[in-house]
Amino acid sequence: MKGHRGMRIDVLTIFPDLIRQALSCGIPGRAVDAGLVDVRAHDLRDHTDDLHRTVDDAPYGGGAGIVFKPEPIARALRGIALERPSGKVIFLTPEGKRLDQTMANRLSLEAHLVLLCGRYRGIDERIRERYVTHEISIGDYVLSGGEFAALVLIDAVVRLIPGAVGDAESALEDSFQNGLLDCPWYTRPPVFEGLSVPEVLLGGNHRLIAQWRREEAMKRTRERRPDLLEGQDVERER
Ligand code: 6GU
């Protein structure tokens, strides 16, 4: 990947501290500190105009649950757009397209992402019509809000920005980048609770080690995720 000039991510949420704190740790935290990504968490309540800073309301037509009002979201989005136009506006929802490595790779090339986190029942549909450009889900289960989904997306994307992950742990060598699950890994001691490290890894023959890792990755993928191998050229890895 060439010419990455840093990425900006705006997150619209009623829990901005959750986003900030989660992203202060680990590789995302390092990427933020290194200036590779500028993440701004915006509190939707700062864009309300009533005393109680109300962001939600009962759904028209009745029924359980609460729906995010459109105005605070629209105001927050317009504020961001004035400051920095043309970012993708992504609504995190189980109704969205499922996040996978290919999608994360593509998103990591964007200069600007705006992530909208809903809660409760959802958000007023007119926000989706007027402002949202993409809808993404992180899997087929229900979360109580989009914040953890946004964090999953940010982590998956930020680690792909050149420089975020050290050379020794290059993100391009990740499991899934080659369409396979990862091979087993070992470190010292050579014998742990009677269990030995596979002989080949101790031998220092790098060609044999690489071959062993490919075979183990393939074996594991065949056993656990045969769906990943469907339509793949199996000979490609040889
Ligand atoms: Cl993006 N949001 C919520 N609320 N639940 C989810 C999800 C997103 N992805 C899977 N479940």
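Looking at heavy atoms from C-beta onward, Leu36 lies out of side-chain contact with Met7 at the 4.5 angstrom threshold. Looking at heavy atoms from C-beta onward, Arg128 lies in side-chain contact with Ile123 at the 4.5 angstrom threshold. Considering only heavy atoms from C-beta on, Thr48 stays 4.5 Å or farther from Thr54 through its side chain. Put simply, the side chain of Phe148 reaches to within 4.5 Å of the side chain of Leu18, judged on heavy atoms. In this structure, Arg119 and Ile14 have side chains that are in contact, with non-hydrogen atoms separated by less than 4.5 Å. Within the 4.5 Å cutoff, no side-chain heavy atoms of Leu92 are placed close to those of Leu116. Counting only heavy atoms from C-beta outward, the side chains of His47 and Leu12 never approach each other to under 4.5 Å. Looking at Asp100 and Met103, their side chains come closer than 4.5 Å, going by heavy atoms from C-beta outward.
In this structure, the side chain of Thr133 engages the main chain of Val89 through a donor-acceptor pair within 3.5 Å. One N or O on the side chain of Arg20 and one on the backbone of Ala41 form a donor-acceptor pair closer than 3.5 Å. A donor-acceptor pair is defined here as one N or O able to donate and one able to accept, closer than 3.5 Å; no such pair exists between the side chain of Ser137 and the backbone of Glu95. Looking only at distances, no side-chain donor or acceptor of Arg98 sits under 3.5 Å from a matching main-chain atom of Ile136.
The NE2 atom of His134 sits 9.5 Å away from the CG atom of Leu113 when rounded to the nearest 0.5 Å. How far SG of Cys117 is from CG of Leu44: 8.5 Å, rounded to the nearest 0.5 Å. Between the CG atom of Leu181 and the CD atom of Glu223 there is a distance of 10.0 Å, given to the nearest 0.5 Å. Interatomic distance, CD1 of Ile127 versus CD of Glu71, reported as 8.0 Å (0.5 Å rounding). The structure places OG1 of Thr187 at 11.0 Å from CH2 of Trp185, a figure rounded to the nearest 0.5 Å. How far CD of Glu110 is from CZ of Arg8: 14.5 Å, rounded to the nearest 0.5 Å.
For the side chain to side chain contact (heavy atoms under 4.5 Å, CB included) test with Val157, the passing option among Leu160, Asp155, Leu153 is Leu153; the others fail.
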Take Val114 and His112, measure what side chain to side chain contact (heavy atoms under 4.5 Å, CB included) needs, and give me the verdict at the end. CA-CA 7 Å; Val114 180; His112 187 198; 3.7 Å; yes
Are Asp10 and Leu115 close enough, and set up right, to give a side chain to side chain contact (heavy atoms under 4.5 Å, CB included), and what steps lead you there? CA-CA 6 Å; Asp10 290 279; Leu115 305 182; over 6 Å; no
Could you go through Arg40 and Asp38, starting from their C-alpha distance and side-chain angles, then the distance that decides it, and tell me whether this counts as side chain to side chain contact (heavy atoms under 4.5 Å, CB included)? CA-CA 7 Å; Arg40 312 230 178 138; Asp38 179 9; 2.7 Å; yes
Passes side chain to side chain contact (heavy atoms under 4.5 Å, CB included), His42 versus Val11? Steps please. CA-CA 6 Å; His42 306 265; Val11 185; 5.8 Å; no
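Residues Cys25 and Pro28 approach most closely at O-CD, 3.5 Å, considering heavy atoms. The nearest pair of heavy atoms linking Leu180 to Asn178 is N-OD1, 3.0 Å. Across all non-hydrogen atoms, the minimal contact from Phe68 to Gly118 is CE2-CA, 4.2 Å. Between Cys183 and Glu216, the shortest heavy-atom contact is CB-CB, 4.0 Å. Pro184 approaches Arg220 most closely through the heavy-atom pair CG-NH2, 3.7 Å.
In this structure, Arg75 pairs ionically with Asp49, as a charged nitrogen and a carboxylate oxygen lie closer than 4.0 Å.
At most 12 non-hydrogen atoms from other residues, nucleotides or ligands lie less than 6.0 angstrom from CZ of Phe192. No more than 12 heavy-atom neighbours from other residues, nucleotides or ligands sit within 6.0 angstrom of OH on Tyr60.
The salt bridge (Lys or Arg N to Asp or Glu O under 4.0 Å) test applied to Glu215 returns no partner, not counting sequence neighbours. Under the side-chain contact (heavy atoms from CB on, under 4.5 Å) criterion, Asp46 pairs with Asp43, Arg53, not counting sequence neighbours.
Under the 4.5 Å side-chain heavy-atom criterion for Ile, Leu, Val, Met, Phe, Trp and Tyr, Val200 and Leu195 are members of distinct hydrophobic clusters. Cluster membership check: Tyr186 shares its hydrophobic cluster with Leu208, using side-chain heavy-atom separations under 4.5 Å among Ile, Leu, Val, Met, Phe, Trp and Tyr. Residues Val165 and Phe176 are members of separate hydrophobic clusters, defined by side-chain heavy-atom contacts under 4.5 angstrom among Ile, Leu, Val, Met, Phe, Trp and Tyr.
Between the side chains of Tyr131 and Arg126, no donor-acceptor pair of N or O atoms lies under 3.5 Å. Residues Thr13 and Glu147 bring a donor and an acceptor atom of their side chains to less than 3.5 Å of each other.
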